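Just so it is clear, the model here is predicted, and its values are computed rather than measured. Just so you know, these numbers use all the heavy atoms, side chains as well, and skip hydrogens, waters and symmetry mates. Ligands are counted one by one from 1 in listed order, and the atoms in each one are counted from 1 as well.
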Amino acid sequence: MKTNSTSIETSRIAQPIGSALDRFIKNNQNQFQYASGELSQILRDIALASKVVNREVNKAGLIDIMGAVGSTNMAGDQQQKLDVLANIRFTRALAKGGEVAALISEESETYVDLNNDGKYVIAIDPLDGSSNIDVNVSIGTIFSVYRRKSPAGLPIQEEDILQKGSEQVAAGYILYGSSTMLVYTTGYGVNGFTYEPSLGEYFLSHPDMQMPDNGKIYSINEGLSNSFDTSVKEYLNDCKEKAFTARYIGSLVADFHRNLLKGGIYIYPPTAKDPKGKLRLMYECNALAFVAEQAGGKASDGRGGRILDIQPTGLHQRTPFFVGSKHMVEHAERFA
Ligand SMILES: O=P(O)(O)OC[C@H]1O[C@](O)(COP(=O)(O)O)[C@@H](O)[C@@H]1O
Ligand SMILES: [Mg+2]
Ligand SMILES: [Mg+2]
């Protein structure tokens with residue numbers, strides 16, 4: 001298995017810009033240790049469900065999917081109609097394929113059994129950036145793919161569900177922005193695909209994405225700064241002394257994507273409201289940490305703890321999240 005390290009240069013298969021996602025998946029399938037087409041099918045199913053969600057996101061103002069449904073999820077957040085709808089779309093697509101044994105979702109208290117014969121476990125944030133749905137600001141979907149540890153056919157075990165991020169075999173996100181993009185890794189670098197609605201297909205637009213080692217953008221909700229640790233406050237002062245640019249969309253996927261392209265750091269530190277940070281390890285941080293590392297960036301808890309090495313103990317556990325350009329994350333950690 002290719003670990004989450006940089007010894008992958010030799011195995012990247014160059015693909016011309018404009019390659020259709022389907023072809024790209026097929027051409028790269030043999031890189032994967034368990035190459036039998038199942039992981040490829042899972043990536044296709046995620047892409048398919050994202051096209052349906054994209055269609056609904058694009059006309060959100062016209063159809064009755066704005067606003068809350070009146071229930072709350074595990075995080076105590078008001079569930080938005082689009083949260084629930086996206087959760088249904090991805091669950092259905094992944095259940096139909098047959099490759100997925102269980103699904104962990106932000107919108108479900110416990111994991112959902114899909115197919116006992118499935119060899120994979122998926123963790124998903126069906127709709128990220130829910131507070132931005134009704135105001136037409138970029139939102140996303142985040143996903144992680146794991147191979148189950150217990151033999152297929154048996155009921156799913158805890159060891160299949162609570163896996164470290166370093167065990168991911170694939171991860172990525174969909175960004176529903178001015179254009180819709182799918183960005184993912186299978187441990188062989190990061191590639192980005194742009195959706196062409198009139199053809200109903202994703203095409204390779206950002207091959208072999210590399211996160212700049214350094215940047216001048218910091219993303220953090222400064223409105224909460226009164227309850228930040230001194231170390232975070234000092235790091236922010238350092239950014240301001242250097243006249244860095246503050247950018248915060250409030251959708252993790254969108255803030256992460258900008259920093260992936262331009263260089264920068266996104267921080268969600270411990271706060272009075274969320275002493276362990278707000279973001280969830282299993283379906284937000286692990287996936288973006290894998291993508292960041294595969295693109296040459298870094299992801300930690302702000303104190304030198306690698307996100308991908310955290311052993312999960314709960315489906316909805318939170319962690320402080322410092323992710324972005326390698327030198328910026330390392331510099332932020334020095335203040336801790
Ligand atoms: O409003 P805050 O506290 O800054 O939090 C914003 C963060 O919360 C999130 O919206 C949490 O994700 P969900 O929308 O999936 O719950 C992130 O996308 C975003 O970065
Ligand atoms: Mg989220
Ligand atoms: Mg969400």
Exercise for the section: Specify whether an N/O/S atom of E106 falls short of 2.8 Å from the Mg ion (ligand 3). Expected result: yes
Practice task
Using distance alone, determine whether D255 and ligand 1 share an N or O pair under 3.5 Å.
Solution key: no
Problem - Ring centres under 6.0 angstrom apart (H257, Y173) - result: yes
Problem - atom 3 (O) of ligand 1 [closest protein heavy-atom partner, distance rounded to 0.1 Å] - result: Y268 OH, 2.6 Å
Exercise for the section: Could you tell me which N, O or S atom of D128 is nearest to the Mg ion (ligand 2)? Expected result: OD1
Exercise for the section: Answer yes or no as to whether an N/O/S atom of L127 is found below 2.8 Å from the Mg ion (ligand 3). Expected result: yes
Exercise for the section: Could you tell me whether E222 approaches ligand 1 through its side chain, its backbone, both or neither, with non-hydrogen atoms closer than 4.0 Å? Expected result: neither
Practice task
Kindly state whether the ring of F193 and the ring of F24 have centres lying under 6.0 angstrom apart.
Solution key: yes
Problem - atom 5 (O) of ligand 1: nearest protein contact (heavy atom, Å) - result: K278 NZ, 2.9 Å
Problem - Sub-4.0 Å atoms of ligand 1 with respect to non-hydrogen atoms of L252 - result: 17 (C), 18 (O), 19 (C), 20 (O)
Handout entry: Under 3.5 Å side-chain donor-acceptor pair for R148 and S150
Key = yes
Practice task
Give a yes/no verdict on whether any heavy atom in K273 is under 4.0 Å from an atom of ligand 1.
Solution key: no
Completion exercise
The single option from Q317, H316, E106 that satisfies side-chain hydrogen bond (donor to acceptor under 3.5 Å, both in side chains) with R280 is E106
Exercise for the section: Could you tell me how the ring of H331 sits relative to the ring of Y235: parallel (under 30°), tilted (30 to 60°) or perpendicular (over 60°)? Expected result: perpendicular
Problem - Side-chain donor-acceptor pair present, Y218, T245, cut-off under 3.5 Å - result: no
Handout entry: Test side-chain hydrogen bond (donor to acceptor under 3.5 Å, both in side chains) applied to S144 and E284, Q163, E167, Q168, the passing residue
Key = Q168
Handout entry: Interfacing atoms of ligand 1 (cut-off 4.0 Å, heavy-atom, E284)
Key = 11 (C), 12 (O), 13 (P), 15 (O)
Exercise for the section: For N221, counting its heavy atoms only, list the atoms of ligand 1 lying under 4.0 Å from any of them. Expected result: 2 (P), 3 (O), 4 (O)
Exercise for the section: Would you please indicate yes or no on a ring centroid separation below 6.0 angstrom for Y268 and F321? Expected result: no
Exercise for the section: For atom 20 (O) of ligand 1, grab the closest protein heavy atom and report residue, atom and distance to one decimal in Å. Expected result: Y266 OH, 2.9 Å
Problem - Check: G129 N/O within less than 3.5 Å of ligand 1 N/O - result: yes
Exercise for the section: Would you mind naming the N, O or S atom of E284 nearest to the Mg ion (ligand 2)? Expected result: OE2
Handout entry: Crowding at CZ, R44 (>12 non-hydrogen neighbours, <6.0 Å)
Key = yes
Problem - Winner among D125, T271, D274 once heavy atoms are compared against atom 15 (O) of ligand 1 - result: D125
Exercise for the section: Give a yes or no on this: more than 12 heavy atoms of other residues, nucleotides or ligands lie within 6.0 Å of atom NZ of K51. Expected result: yes
Exercise for the section: Tell me which protein heavy atom sits closest to atom 19 (C) of ligand 1, plus the residue, atom name and distance to 0.1 Å. Expected result: G250 O, 3.3 Å
Handout entry: V253-ligand 1 polar pair, N/O distance under 3.5 Å
Key = no
Fill in the blank from the handout: One finds that the ligand 1 atoms under 4.0 Å from a non-hydrogen atom of S251 are 18 (O), 20 (O)
Exercise for the section: Answer with yes or no whether L127 contacts ligand 1, where contact means a heavy atom under 4.0 Å from a ligand atom. Expected result: yes
Problem - Contact check: D125 to the Mg ion (ligand 2), N/O/S below 2.8 Å - result: yes
Practice task
Decide whether E56 and N54 meet the rule of one side-chain donor and one side-chain acceptor closer than 3.5 Å.
Solution key: no
Exercise for the section: Return yes when atom CD of E109 has more than 12 non-hydrogen atoms of other residues, nucleotides or ligands closer than 6.0 Å, and no otherwise. Expected result: no
Problem - Short side-chain donor-acceptor distance under 3.5 Å, N214 and S325 - result: no
Completion exercise
The closest protein heavy-atom partner of atom 4 (O) of ligand 1 is Y248 OH, 2.6 Å
